[in-house]
Enquirer: 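Handing you a structure now.
Chain naming here is simple, since letters A, B, ... match the order of the sequence lines and numbering starts at 1 in each.
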Number of protein chains: 2
Amino acid sequence: MNLKTLAKKLQLSQTTVSRALNGYPEVSEATRRRVEEAARAHNYRPNSRAKGLATGRAMVIGHVIPASTQHEMVNPVFGDFIAGASRAYAAFGYDMMFTRVDDGDEEQVYHALVAKGSVDGVILQGPRVNDGRIPLLNRIGLPFIVHGRSSGIDESYGWVDVNNKRSFQRATEFLLDLGHRRIALINGLEQMDFAHRRREGYVEALKTAGIEPDPALMRSAEMTEVYGHRETREMLKMENPPTAILAASMISAIGVRRAIDEAGLTLARDVSVITHDDDLSYLRNGSDVPIFTATRSSVQQAGEILSRMLIEKIEQPDAPNQTHMLEAELVVGRSTGPAPEMRR
Amino acid sequence: MNLKTLAKKLQLSQTTVSRALNGYPEVSEATRRRVEEAARAHNYRPNSRAKGLATGRAMVIGHVIPASTQHEMVNPVFGDFIAGASRAYAAFGYDMMFTRVDDGDEEQVYHALVAKGSVDGVILQGPRVNDGRIPLLNRIGLPFIVHGRSSGIDESYGWVDVNNKRSFQRATEFLLDLGHRRIALINGLEQMDFAHRRREGYVEALKTAGIEPDPALMRSAEMTEVYGHRETREMLKMENPPTAILAASMISAIGVRRAIDEAGLTLARDVSVITHDDDLSYLRNGSDVPIFTATRSSVQQAGEILSRMLIEKIEQPDAPNQTHMLEAELVVGRSTGPAPEMRR
DNA sequence: AGGGAAATCCAAAGCGCTTTGGAAAGCGCC
DNA sequence: GGCGCTTTCCAAAGCGCTTTGGATTTCCCT
């Protein structure tokens, strides 16, 4: 069922049927109702490719996902993020499209995306420090919003980010207040901007307290459970082990806890742990009392805000770039306590 | 840059340029090279909507995701699954598109998808027992492959599934062999087909061993960490608590372990745990020795097989439906041991 | 009744591609 | 030189929609 045959059935021109369905005022209410009814009856939907060709709009938002280096897709954060984003997309009639890209081909892929006209805009996930994709997209002129920011990039761009520096600074201060002096940071990959900022916050809090950061207590890698476990086990074997650990995610924190358990130590009493909690649906930080003391910020919410902003940007490309900073909340759970030395 | 202007630049007709780029034999090697070079130089990509209009193919594969009941998207399994799928898509030039659907609107959405012509086929995720979407898609004639199966549906359809019944049967037998008699099942939502089958396997193993399944030991819900924790805590408080627990996923197993720890019990010694391990990238079952004894089956691999099958189905719609059964492997880790009673 | 504005509708062009049905050119061969 | 064949190219139709520019009808007002 297409416009032509529908119009024929209705004894109307394609123009009128099209206008009736798209809410133009040049058509009487009576015929509009008649048309709408017939469309429903015949299960008519305008072909999206034809519509796109005619309007120049795809009604699709792209997510370009680097395949190898950082496993954007398999990170559990991903699902919650796009779940949030999809809420806004659905509300505004957009679909979302994913393109997997091998590293190095990113520029190609963005060019292709705009040349092929398959998306109206993209969301830029996992920005790195000094991320070349931002100037690239600005140059190409494809509307985009960044999930996060990119230190070192001066040009204007829209973003939604958690105040990572501040939240890790506060978390560190909280541990310092509890008397901890040997505080470890099990961070994400530090080429990632969010990890970079978290480290800044951590280092700054230590320095303010007059403590020189110990490189042996600072780790960086992809935030898996195994990683959290391995680094913790190693550090607990040190002659001067940390009494507190800042973990980058719930998943790595779970690995941290496992290592602490295996070492025969007790969480909070022997080793305090603070993690960042993205408020993932399948990995809630406990039901009533939080399992971990954590800096919490919902990534679903970020996704929703972000996609709203992108849709606005697409519809008004010349409006100034918007930015949105989310403050993480420090929730105190059962994974932190006074430093062991303080206890005696 | 479009075909027309590119053709003009080359002093050729659109036809020839199109044929040259699409590998038709009616064009000399010399001109083909000339055309390809010019295309590269001008960064030309055929507009995908126009191409789709002309060919009737979208080169897009759809994933329709129910929004509320089962949070398909936020389940960490989702990311690994589509990471696997996207490998095949990328290799064959397909993009993937996601459509979020509120419950009840599914039929509408599938109809819309085929009417709008925005996808060439879909992957059906999270099939329930007796899932109406399968007959629906067969009726509509949209190519699809099911990730899993649907008990109670007799018509023919393509699927890729793990032998869930067998793997949970084996896991239960393994626990029985260790002397366990009180074995709990912390299952997924049992309207989901995979969970339904797992329960069958579990029940059958018990019955074969002459043990009547105890409804108080069988739980069913969405497989979150908090759920695993809560059910375990409850069951451990019973007057006749289980000595072994079958968990539905790594994430719920982590909750199970947390509850065991909190109860002051020791994993494997006091309570044995077996989980199903989807081999998620961020949640590997340990690095060397498996943390949990588990039935393991890579969901990434399933995704890749599935998407390959779907592409074949799209390209040869009349070929008979293929099916692919994956056997889960039972890996013995450090979460199981002889039943406590046996120890004395 | 007649003029002009408003309401309602339509034919046809155009979006950028593929593909059909031919045409023109080049070639060997009798 | 003319025939048939292959090679190489092209004009134009068509995919299904939106939208421009214009035609026709209706309605109101003087």
Enquirer: Let me spell it out: for each of A/Thr16 and B/Lys51, pick the nucleotide of DNA chain C with the closest heavy atom. Which residue's pick is nearer the 5' end?
Expert: A/Thr16
Enquirer: OP1, OP2 of C/dG16 versus side-chain N and O of B/Asn47: anything below 4.0 Å?
Expert: no
Enquirer: Are A/Asp80 and A/Asp278 close enough, and set up right, to give a side chain to side chain contact (heavy atoms under 4.5 Å, CB included), and what steps lead you there?
Expert: CA-CA 9 Å; A/Asp80 273 72; A/Asp278 293 294; over 6 Å; no
Enquirer: Answer with base, sugar-phosphate or nothing: what part of the nucleic acid does A/Ser18 contact at a heavy-atom distance below 4.0 Å?
Expert: base
Enquirer: Separation of B/Lys4 atom NZ from D/dA13 atom P, in whole Å?
Expert: 14 Å
Enquirer: Is A/Asn2 near enough to D/dC15 that one of its side-chain N or O atoms lies under 4.0 angstrom from OP1 or OP2?
Expert: no
Enquirer: Let me know the distance between OH of B/Tyr24 and C1' of C/dC17, rounded to the nearest Å.
Expert: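 That distance rounds to 12 Å.
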Enquirer: Can you tell me how far P of C/dC17 sits from CE of B/Met59, to the nearest Å?
Expert: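 Rounding to the nearest Å, CE of B/Met59 and P of C/dC17 are 16 Å apart.
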Enquirer: Please tell me whether B/Phe98 and B/Phe78 form a close aromatic pair, meaning their ring centres lie under 6.0 Å apart.
Expert: yes
Enquirer: Side chain of B/Gln14, heavy atoms from C-beta onward: which of C/dT18, C/dG16, D/dG21 has the nearest atom to it?
Expert: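 From the listed options, C/dT18 comes nearest.
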Enquirer: What nucleic acid atoms does B/Glu29 come within less than 4.0 Å of, heavy atoms only: base, sugar-phosphate, or nothing?
Expert: nothing
Enquirer: Would you mind reading off the distance between B/Arg49 atom CZ and C/dT18 atom P, rounded to a whole angstrom?
Expert: 14 Å
Enquirer: Measure from CZ on B/Arg33 to P on D/dT8 and round the result to the nearest Å.
Expert: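 Atom-to-atom, B/Arg33 to D/dT8, this comes out as 12 Å.
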Enquirer: Closest approach to the side chain of A/Thr55, judged atom by atom: which nucleotide of C/dT19, C/dA11, D/dT18 is it?
Expert: D/dT18
Enquirer: State which of C/dC17, D/dC17, C/dT19 makes the closest approach to the side chain of B/Pro46.
Expert: C/dC17
Enquirer: A/Asn22 and A/Ser18: side chain to side chain contact (heavy atoms under 4.5 Å, CB included), yes or no, with the steps?
Expert: CA-CA 6 Å; A/Asn22 289 316; A/Ser18 169; 3.5 Å; yes
Enquirer: Can you measure B/Arg57 atom CZ to C/dC17 atom P for me and round it to whole angstrom units?
Expert: 18 Å
Enquirer: Which nucleotide, C/dC17, C/dT8, C/dC10, lies nearest any side-chain atom of A/Leu12?
Expert: C/dC10
Enquirer: Quick check against the 3.5 Å criterion: does B/Arg133 have a side-chain atom that pairs as donor or acceptor with the backbone of B/Gln125?
Expert: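 Yes: the side chain of B/Arg133 pairs with the backbone of B/Gln125.
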Enquirer: Quick one: label B/Arg19 by what it contacts on the DNA or RNA (base, sugar-phosphate, nothing), any heavy atom closer than 4.0 Å.
Expert: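 It contacts base atoms.
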Enquirer: Give a yes or no on whether a salt bridge exists between A/Arg149 and A/Asp161, defined as a side-chain N under 4.0 angstrom from a carboxylate O.
Expert: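 Yes, charged N to carboxylate O under 4.0 Å.
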Enquirer: Please confirm whether the backbone N or O of B/Leu12 pairs with a side-chain atom of B/Thr16, one donor and one acceptor, at under 3.5 Å?
Expert: no
Enquirer: Just N and O in the side chain of B/Thr31: are any of them under 4.0 Å from OP1 or OP2 of D/dT8?
Expert: no
Enquirer: Using the side-chain heavy atoms of B/Leu53, tell me which of these nucleotides is nearest: D/dC9, C/dG16, C/dT18.
Expert: C/dG16
Enquirer: Can you work out whether B/Val27 or A/Leu3 has the more 5'-proximal nearest nucleotide on DNA chain D?
Expert: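 Per heavy-atom nearest nucleotide, the more 5' residue is B/Val27.
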Enquirer: Just the rounded figure in Å: distance from P of C/dT18 to CG of B/Leu6.
Expert: 12 Å
Enquirer: Distance check needed: C/dA24 C1' versus B/Glu26 CD, whole Å only.
Expert: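 To the nearest whole Å, that distance equals 16 Å.
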Enquirer: Less than 3.5 Å between a donor and an acceptor, one on the side chain of A/Thr15 and one on the base of D/dT18, is that the case here?
Expert: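 Not at all, since no donor on one side and acceptor on the other fall under 3.5 Å apart.
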